[in-house]
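Presented below is the structure to which this report refers.
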2 protein chains.
Amino acid sequence: MTAPSQAPTQACADDVVSIGDAAKATGVSTRALRYYEEMGLVRPAAHSPGGHRLYAPAQCARVRRIRQLQDLMGFNLAEISEILANEDRLDSLRDEFHRHEDPAHRLRIAEEALTVMSDLDARVEAKQKRLAEFRQAISERRRRAEVVAAELQQEAP
Amino acid sequence: MTAPSQAPTQACADDVVSIGDAAKATGVSTRALRYYEEMGLVRPAAHSPGGHRLYAPAQCARVRRIRQLQDLMGFNLAEISEILANEDRLDSLRDEFHRHEDPAHRLRIAEEALTVMSDLDARVEAKQKRLAEFRQAISERRRRAEVVAAELQQEAP
DNA sequence: GACGAATCTCACGCTTACGTAAACTATCAG
DNA sequence: CTGATAGTTTACGTAAGCGTGAGATTCGTC
């Protein structure tokens, strides 16, 4: 198993930053970082001997991803947790794929990846559909109003 | 001004129901109904002499609309409040439109309706756009995986 | 090694959207 | 008129997603 961004690896030792710098780099508060960790969303790449959290670029990217899913797409942390789990699974499947040569094995991996992506997609599709319907309803009323307005423009210019 | 679903009219006297029946009819709790009222989203059509809330079909429809915007589209009550205000405004513009014959006046009404609808649409468009981008990203990865899987199918059937 | 800044771990506070219990009152069947 | 049922207000409880100290440690710098 290899969930890259989430793995509790002892870090590449290099380019890890403190929680404060990670916060600045991602635009979230240190409190939020600790909260995400508590919720199992992002674990520091390592800890200093004294117990301070250390974040590698991968973790910062993960945090930015979390905010994206939150702010821009309106998922809650529970949903985000599942989505990230799926994405992590995809990454690990990629790794596994490249580590094996056997076509039959690769096929099984590719197929699992496809189901995971279907799951991800379905999750979003539902949300998107509602919005599309809503916009449809608005745009219909809008077109009718535009026709009326155009007619009135002719009548009383 | 005529905001149909929201007007504190003394009701059509007919077919108004108690809060309990309104709750059953809309699928929300009585607590939620009182909360929506407190937040200024839905006012009962009338009250019984003893002070009990009475809901007409229009209010029930409004409540269902609220849940739709909440559950299916992920708006919070503050946003919903604004959306409903816009929709109420559209309704009252419709009424006003039909009460006046003057083309110039009608044109002004139609134009305001158009701006209100633009506002409503813009609100949703942003949300929808994010979701579309997300799905796009997924479907690209998906297509690549499908190609790989197809190739492997050939190789090891 | 000392000192200020940054982190650490509790731990309580805040907002949203209600749930839930308490103590009364209104409505309706009989 | 009498319950039983349903409704009313008031008010505290809850889960999510952090904000904000408090008091103790640790880090980086001189």
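The model shown is predicted, which means the values in this text are computed figures rather than measured ones. Only this structure's heavy atoms are used, side chains among them; waters, hydrogens and symmetry mates stay out. Here is the naming used below: chain letters follow the sequence lines, and residue numbers restart at 1 for every chain.
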Sidechain N-carboxylate O distance under 4.0 Å for A:Arg62, A:Asp88 = yes
Examine A:Leu152 and A:Val147 and state if one hydrophobic cluster contains both, with Ile, Leu, Val, Met, Phe, Trp and Tyr joined whenever side-chain heavy atoms are less than 4.5 Å apart.
-> no
Go through the steps for A:Tyr55 and A:Leu33 under the test side chain to side chain contact (heavy atoms under 4.5 Å, CB included), then give the verdict.
-> CA-CA 10 Å; A:Tyr55 296 86; A:Leu33 288 176; 4.0 Å; yes
OP1, OP2 of D:dC27 versus side-chain N and O of A:Ser18: anything below 4.0 Å?
-> no
Compare side-chain N and O positions of A:Arg53 against OP1 and OP2 of C:dC8 and report whether any pair is under 4.0 Å apart.
-> yes
Donor-acceptor pairs under 3.5 angstrom involving side-chain atoms of residues 23-31 of chain A: please list them, not counting sequence neighbours.
| from | atom 1 | to | atom 2 | distance (Å) |
| --- | --- | --- | --- | --- |
| A:Thr26 | OG1 | A:Ala22 | O | 2.8 |
| A:Thr26 | OG1 | A:Ala23 | O | 3.3 |
| A:Ser29 | OG | A:Ala32 | N | 3.0 |

On a whole-Å scale, what distance lies between the C1' atoms belonging to D:dT14 and D:dC18?
-> 16 Å
Rounded to 10°, the helix from C:dG1-D:dC30 to C:dC14-D:dG17 deviates from straight, judged by its five-pair end axes, by 30°
Nearest-angstrom distance from the residue atom [atom1] of [X] to [atom2] of [N]:
X	N	atom1	atom2	result
B:Arg34	D:dA6	CZ	P	13 Å
A:Glu38	D:dG17	CD	C1'	11 Å
B:Leu54	C:dT27	CG	C1'	11 Å
A:Ile19	D:dT26	CD1	C1'	14 Å
A:Asp71	D:dG17	CG	P	12 Å

Once you round to the nearest 0.5 Å, how far does CD1 of B:Ile138 lie from CD of A:Glu125?
-> 10.0 Å
Is there a side chain to side chain contact (heavy atoms under 4.5 Å, CB included) between A:Leu54 and A:His47 once you walk through the steps?
-> CA-CA 5 Å; A:Leu54 296 172; A:His47 288 86; 5.8 Å; no
Do nucleotides 11-25 of chain C as a string where each nucleotide becomes B, S or -: B if the base has a protein heavy atom under 4.0 Å, S if just the sugar-phosphate does, - if no protein is that close.
-> B-----BBBB-----
Quick one: does B:Met117's side chain get under 4.5 Å of A:Ser139's, heavy atoms only?
-> no
Candidate pair A:Ser48 and A:Arg53, rule side chain to side chain donor-acceptor pair (under 3.5 Å), full reasoning = CA-CA 7 Å; A:Ser48 76; A:Arg53 293 169 176 81; over 6 Å; no
Per side chain to side chain contact (heavy atoms under 4.5 Å, CB included), A:Glu96 is matched among A:His105, A:Glu112, A:Arg106, A:Arg108 by A:His105
